[in-house]
Each structure stands twice: as C-alpha cells, then as structure tokens.
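Take a look at the structure set out below.
A quick note: this is a predicted structure, and the numbers were derived from the prediction, not measured.
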2 protein chains.
Amino acid sequence: MKNKFITPEGYTSDIAVFTITSEQVGEYKPPKKELKIMLIKRSELNHEGNPNMEAGKWALPGGFVRPEETAFQAAERRLTEETGVEGLKIKHFGVYDSPGRDQRGWIISNAHYVIANEADLRTRKTTYDASEVKLFTLEEALELDLAFDHQTIIEDALWFIKKDMALTTLARHFLPDEFVISELQGVLLTVLDDPSISTDAAFFRKAPTFPFIEAVSEDGKLKKSKRYSKTPAQLYQFNDYQPIVSVYRNKLQG
Amino acid sequence: MKNKFITPEGYTSDIAVFTITSEQVGEYKPPKKELKIMLIKRSELNHEGNPNMEAGKWALPGGFVRPEETAFQAAERRLTEETGVEGLKIKHFGVYDSPGRDQRGWIISNAHYVIANEADLRTRKTTYDASEVKLFTLEEALELDLAFDHQTIIEDALWFIKKDMALTTLARHFLPDEFVISELQGVLLTVLDDPSISTDAAFFRKAPTFPFIEAVSEDGKLKKSKRYSKTPAQLYQFNDYQPIVSVYRNKLQG
DNA sequence: TTTATAATTAACATTTTGTTAATTGTTAAT
DNA sequence: ATTAACAATTAACAAAATGTTAATTATAAA
C-alpha cells in the first residue's frame, strides 16, 4: 500500500542495563553495594565502514528496530548481542521522540531498563559497534558527555528503578535466590532513602514479616549463612506474593 | 541525509479519555459513579475523500504524529480537536508496535490516557473523521468490535488507571475542587476493590487523616455541604502533598 | 578466655487499625 | 410540633503494628 503519511526516519530501541556491584569491604562484614549502569562507547565506524553518528561517545546499548519485530523484541535482541545475557526481565519505560533529538533525522527511541546480576555481565563482549563496554556509577554516567539524549533517558530510568524498587519486589532481581536480611537492606539502600530501611534495628525486626519473603529451611531446620558475618544469619527467599500498596490503605494486600 | 534504515510507515498517537459519570440515584443520596471511556466511530471516508481504514468501527481518538511534534504533543492536539477540551493532564503509558497491528503497514502507536471531568466532555464535538463520539462503560467498550488493537490498549489503560488511582492522588482529577468524603469514596470504588475503602465506617474514620487532603474552612469555620445528604458534610480539598508508598514501609512518606 | 562484631531478640511505650455502637443534623411525613 | 429516616460523623476499645533502646547470641580471632 502506498505510503500516504509523513513517516519517521528511524525507530530504535535503547536499554539501560543496571546492576548492583558488591565490594568486599572487610571480612565478616556485609559488602558495600552500589548501583551501576552499563554503557558502551560508540565506535568510529559502523558496520558498513562509514563514520558512526556520535562516534566516541558513551551511550546506552541499543539499535534500530527491524520491521518484523517490536521495540521490545529489539531490546531483547540487542541486549543479548551486547552482553551475551539472555532471559532477563526487560521493562519499557518511555518514548523519546522530540524532533531534533537525533541529527540523522526524525528518529524515535523506545527506552527500556533491565536488571542484571553482576555475574551475568562478566560474560559481556565487545561487538562491532561498541568499541568498549563498561560499568559506571550513576554519578559518573551522568557527568559524561553522552550520545543523543541518553542523559535524559538515564535520569528517567533511574526514577523508574526507584519507583519499582519501592512498589514491587524488584529487589529480587538484584539478589541471589537465597539471601540474608543485610543483603536485602544493602540492595534497597543503593536506591531508596528511608529511615525504616536504613535503621538496622527497625529493618531487622520488620523484614522477617514481609509477606513476600520467607525463611529458607533445609532438612527441617532453618538454613543459615555465615557469608557476611560470624554469627550465622537466616537465609530468605522471595515467594510469589505480589504486594499491592495504596495511598488509601496501610496494610499490604496481595 | 539519506535514509539508510528500514523505517516505520506511520507514527500515531492514541488517547484513552476516561471520565466518571455521576448518576443521581435519589435525593439526599450520594450519586452512583461509574467509569466511562470516550470512543469515536470511524467515519467511512477520510478527509481526502478516500475510504477510511477500519471505517465504521469504534476506536480511541488519535491520529498521526507530525514530524515537528512529539507523540505527546500530538495527543494533546488530537484531544483538543476531538473534544474541544484543553489543559488536561495526559499520561503516556505504552507503545503498540506489533507487526500486523495495522493493515496499512508498519504503524507504531503511542498510547496515552487522560482523565476528564464529565462536564468537560459536554463540549465535545464531532469532527471530520469521527462521525460519532460517545461514552461507554468499560464493560460495554470491551465488548465492541474495536478498530486495530484498541481493545488491548484499553485493557492496558484500565490497568494503569487502577494503578495510578491506588498509588497517586489521581482521584483529584475526577473530583471537584471541594468534595465530601462520600464523593471521594465513590470515585475510588469505581476502580478499586478494597474493604478499607468500601466499608463506610472504616473509610469515614480514616479519610480525614489522609495527609493529602484537608478540610476546607470559610470565615474561620469549617465549610460544609448538603449536596448529597441531609446532614451537612465536611468539604475537603487536595493539597500539594505527594504521598510516597513502599512495600517496605507502611506509614506514608511525603 | 576474652574481645569484638553482626545478627537477632526482648521489652515496652506509642500509633494505627478494624469494628461495633452511638450521636448528630436535617428533611419529610405525620 | 413530633417523629421517623438516614447520611455523616464520633466514641470507645480491643487488636495490630511501629519505633526505640537495650539485651543476647554465635562465632572468629587475639
């Protein structure tokens, strides 16, 4: 069918890949955790051998959406191409379509974010259009001269991460299957600023009652771990409870 | 610059316009409130005089995005064109870009929703490509044979409305500036199903303590209304408090 | 043995809930 | 005038949940 409309000149999909790194700060101590974002350095030439747009700048991984796929599928495909990681839970969070955001013309981008384990990203590889791949703290990333409007996209993604962290059990994607309370606390504190989380006594008293986690047992007795402390600490795992919160109610509803 | 990429054949913006109608169910009684969505009937011919795609079907208002605007701006523009209403708070909630969703080709749609006052929609007008405009209950709307993938879009929009109603003070957009508790309750119940809202005693005891509303005073004394009851009921208004909820905390934080 | 430390528990005063049962103010019908 | 009806509130109170401070516990290392 004849194209009767003025159409965009490109349709792309970008992915903000977040991870939380753990830094061992001493023996028998919970590690210091920090939120990081994965960026790629745009190479000088594209795969056709022509100069690449915004070459040399750091940018979110992403690429053009193909006509036989959705932006979401493109995000999955590109994520695998860039990092070698599959099966992660990608979320769409926004559209960036301001005229002039890309010098090549009217190019629309769908923005996604994904949470990866630090371990997953160890398998990342450098591909033809990413001369370098690196993890940055959010502060570092936002100080760089990023390609296109990727600074705005990252700021927005961060906001969505914070919201999701507070409203859903997103934290589970930053944690191993079995974790101790201090690990959960560490993950939450990378993103949320809340005294009821940062105050140890309050958090340790309350956390075991969260309806969405449960203590792990083994051979009929509670399973403990000494990975971060001398005292064995109880291991927990997330269950399938989906908490629902509301400004009109305090108690959680599933 | 030469276009080197396979590009979409159209970029559109759709808007789900919601309103809550009030039906007087008797004197001195709170009115029955119901969530409705505004749909347009696609006309047989488009403005060029050619047969219109999906003609005769009910659909979300919307249209093609122009290259000098964003999808968001297109939504604002189309909303005004369709309804004559300006200045409402439009929210983007999703992208619909599955191959095959529109027979005309690879056409991407950005979906938005907006809350309008029932009164606002009284000024709505019929335009060249909408032979009819009508409010439907959500049940009615989802039973229609809707154009394109608009059924999916409406289902998704409904989900977002519910979420926003629970997590934000979205309810304010369905209420007059000054309202009584039973009106607030009525609005919430059109979308949320929660005993702490539907149980009168619980809701009336708790509502006055919500940090995001406050009692209205006039001439130094509390302002009351008798619009829905014989007993004068206290009037409230929303303030600027933005409640923040979290699954890890019960008390509200601003 | 002792010390240090993260994890946990105890104890308790304070706040918030959920519920049931009154009260109040006002209209409309005796 | 009285009274019935009824939505909107308030009262009262037991049950839960929260915030805080102060123990306790288990273990490694000195």
Once you round it to whole Å, what is the distance between [atom2] of [N] and [atom1] of [X]?
X	N	atom1	atom2	value
B:Y248	D:dA17	OH	C1'	19 Å
B:F204	C:dT19	CZ	P	17 Å
A:I197	D:dT20	CD1	C1'	18 Å
B:F210	C:dT17	CZ	C1'	12 Å
B:I181	D:dT10	CD1	C1'	14 Å
B:Q234	C:dG25	CD	C1'	14 Å
A:D200	C:dT5	CG	C1'	12 Å
B:K230	C:dA28	NZ	C1'	7 Å

Note to self: Taking donor-acceptor contacts at under 3.5 Å, does the side chain of A:R205 reach the base of D:dT20?
What the structure shows: yes
Check: Is a donor-acceptor contact shorter than 3.5 angstrom present between the side chain of A:T231 and the base of C:dA6?
Finding: yes
Side chain of [X] - closest among [options]:
X	options	result
B:A201	C:dG25, C:dG18, C:dT20	C:dT20
A:A202	D:dA5, C:dA7, D:dT20	D:dT20
B:A233	C:dA6, D:dT9, D:dT27	D:dT9

Notebook entry, point to check: Pick one: which of B:V191, B:D193, B:L170 meets side chain to side chain contact (heavy atoms under 4.5 Å, CB included) with B:K162?
Noted result: B:V191
Note to self: Please determine whether a side-chain nitrogen or oxygen atom of A:K206 lies at a distance below 4.0 Å from atom OP1 or OP2 of D:dA17.
What the structure shows: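 Checking A:K206 against D:dA17: no side-chain N or O falls below 4.0 Å of OP1 or OP2.
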Next item on the list: May I ask you to evaluate whether B:K29 reaches the phosphate of D:dC6, defined as a side-chain N or O under 4.0 Å from OP1 or OP2?
Entry: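 False: B:K29 side-chain N/O out of range (4.0 Å or more) of D:dC6 OP1/OP2.
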Check: Is any side-chain N of the basic residue among B:D177 and B:R172 closer than 4.0 Å to the acidic one's carboxylate O?
Finding: no
Notebook entry, point to check: With a non-hydrogen cut-off below 4.0 angstrom, is B:S182 in contact with a base, only sugar-phosphate, or nothing?
Noted result: sugar-phosphate
Ring centre gap for [X] and [Y] strictly below 6.0 Å:
X	Y	answer
A:Y113	A:F160	no
A:F212	B:Y248	yes
A:F179	A:F238	yes
A:W58	A:F136	yes

Next item on the list: Five pairs at each end of the helix from C:dT1-D:dA30 to C:dT30-D:dA1: take the axis at both ends and give me the angle between them to 10°.
Entry: 10°
Check: Looking at B:D156, B:N110, B:D149, which hits side chain to side chain donor-acceptor pair (under 3.5 Å) with B:Y96?
Finding: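 For B:Y96, the side chain to side chain donor-acceptor pair (under 3.5 Å) test succeeds with only one of B:D156, B:N110, B:D149, which is B:D156.
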